[in-house]
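Keep in mind that this is a model prediction, so the values were computed, not measured.
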Amino acid sequence: MRPRLFLCLALSYGSAIVRACAGHEVREWSQEELDELERKWGTEWGFSGISAFAHLEYHKCLTTPSELYDIAIIGAPFDTAVSYRPGARFGPRAIRAASARQTSFRGFNPRAGMNPYQNWAKILDCGDIPITPVDNGLALKQMTAAFTELLARTPVSPLLARPKLVTLGGDHSLSLPALRAVHELYGPVRVLHFDAHLDTWHPGKYPSYWTSEQSRFTHGSMFWLAGDEGLLSNSSGRPNVHAGLRTRLSGTGDWDDDDRQNWVRISADDVDDLGTRGVVGSIMEALGTEDPVYLSVDIDVLDPAFAPGTGTPEPGGWTTRELIRILRGIEGLNLVGADVVEVAPAYQGVGEETALAAAQVVFEILSSMVKKGLGEMGKTGKAEGGGKQAVLREEL
């Protein structure tokens with residue numbers, strides 16, 4: 001390399017003046033100039049930009065440990081622990097694409113009275129965990145390590161002792177490594193589980209002559225495993241909750257096993273008898289507002305008419321509107337983490353109805369997390385937008 005060019009390259013990392021090196025002008029931009037460029041070119045329409053969730057700021061957080069956040073969206077593209085149709089490894093990508101019409105400048109949630117994207121919480125899209133598709137034992141280790149690392153970060157806001165993760169699945173088995181990481185911070189937690197299926201089945205109930213340690217880890221056994229590891233509340237006065245159940249069973253013994261694991265059950269049919277308000281009341285009565293709760297939403301809680309793009313569809317489920325109404329009603333829960341799983345876009349229609357429902361579920365979860373923080377601040381929901389987001393709101 002020529003000496004003059006080498007010197008110019010070296011100077012380009014440190015000098016704050018306009019330079020002319022090797023025939024190229026290198027310029028230092030003022031903050032005012034950068035702000036002007038942002039105002040001119042920083043706006044993204046719903047159909048433009050890369051597919052970060054809701055056009056949020058994107059970072060590969062696992063490789064940038066200095067990047068801090070209050071709430072992180074993290075993808076877990078894994079689906080080799082399923083018992084029926086694969087394809088949920090493409091769920092994170094589909095959910096992000098379906099969130100395109102969610103933007104910070106038009107993200108005000110009327111039921112919550114605020115915009116989760118223009119508030120106290122710094123919310124980032126932290127990309128995906130690079131999970132192996134050929135070794136489930138290794139995949140479990142990778143997800144556990146990734147969730148543990150992301151939860152160990154220092155949050156931006158003083159409102160939180162630890163950040164919160166909202167995971168885009170991926171099959172439902174990812175709840176086990178997520179709960180392992182949550183347990184490191186909170187000890188045993190309560191779980192609210194929206195699903196057509198129990199997912200508390202003993203691994204030995206899968207009929208097969210051939211077994212292994214790895215075969216115990218599936219998308220139907222992860223809550224049994226979590227309970228066996230002591231990750232969940234086992235106090236009869238502090239149960240965990242299933243909601244939306246309607247699956248076929250091997251017999252009533254499945255319910256007995258579920259009872260012994262400290263779960264209460266709300267069936268899909270209960271919405272007809274109780275209404276959404278009654279379902280909300282049952283959930284809140286069981287879980288309260290103080291204990292740490294992990295929220296897990298399997299998209300198959302919805303009827304296949306509304307969410308056909310999933311691995312184990314079950315007829316007779318809730319409508320998208322019913323699920324959203326229930327999610328809005330439980331905003332008082334003390335959520336410490338959440339996942340939205342089992343979106344398998346290969347089986348959905350061209351209108352993306354399954355992924356759209358999942359993206360809306362994530363929006364409602366984020367709204368509740370942020371609103372809960374506002375309540376703890378003693379505020380009523382006034383947004384605290386700043387910087388780029390505040391400018392966009394004023395202009396648009």
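For residues 225-241, the set of pairs meeting the salt bridge (charged side-chain N to carboxylate O under 4.0 Å, His left out) definition, not counting sequence neighbours, comprises R180-E229, R238-D291. Residue pairs that meet the disulfide (SG to SG under 2.5 Å) test with at least one member in residues 81-140, sequence neighbours left out, are C61-C126. For residues 159-223, there are no disulfide (SG to SG under 2.5 Å) pairs, not counting sequence neighbours.
With sequence neighbours left out, H242 forms a ring pair (Phe, Tyr, Trp, His ring centres under 6.0 Å) with H193, W263. Residues meeting the ring pair (Phe, Tyr, Trp, His ring centres under 6.0 Å) test with W224, sequence neighbours left out: H202. For the side chain to side chain contact (heavy atoms under 4.5 Å, CB included) test, residues two or more places apart in sequence or in another chain that qualify with T167 are I74, A76, F147, L174, D339.
Using a 30° and 60° split on the angle between ring planes, W201 and H197 fall in the tilted class, from 30° to 60°.
For the pair S212 and W210, the minimum side-chain heavy-atom distance is 4.5 Å or more. With contacts defined as side-chain heavy-atom distances shorter than 4.5 Å, the pair F78/S173 qualifies. Residues L56 and Y117 form a side-chain contact, since some pair of their non-hydrogen atoms from C-beta on lies under 4.5 Å apart.
In this structure, S250 OG and L198 CG are separated by 9.0 Å, a value rounded to the nearest 0.5 Å.
Checked against E364 for a side-chain contact (heavy atoms from CB on, under 4.5 Å), the options I326, I330, V297, I324 give a single hit: I324.
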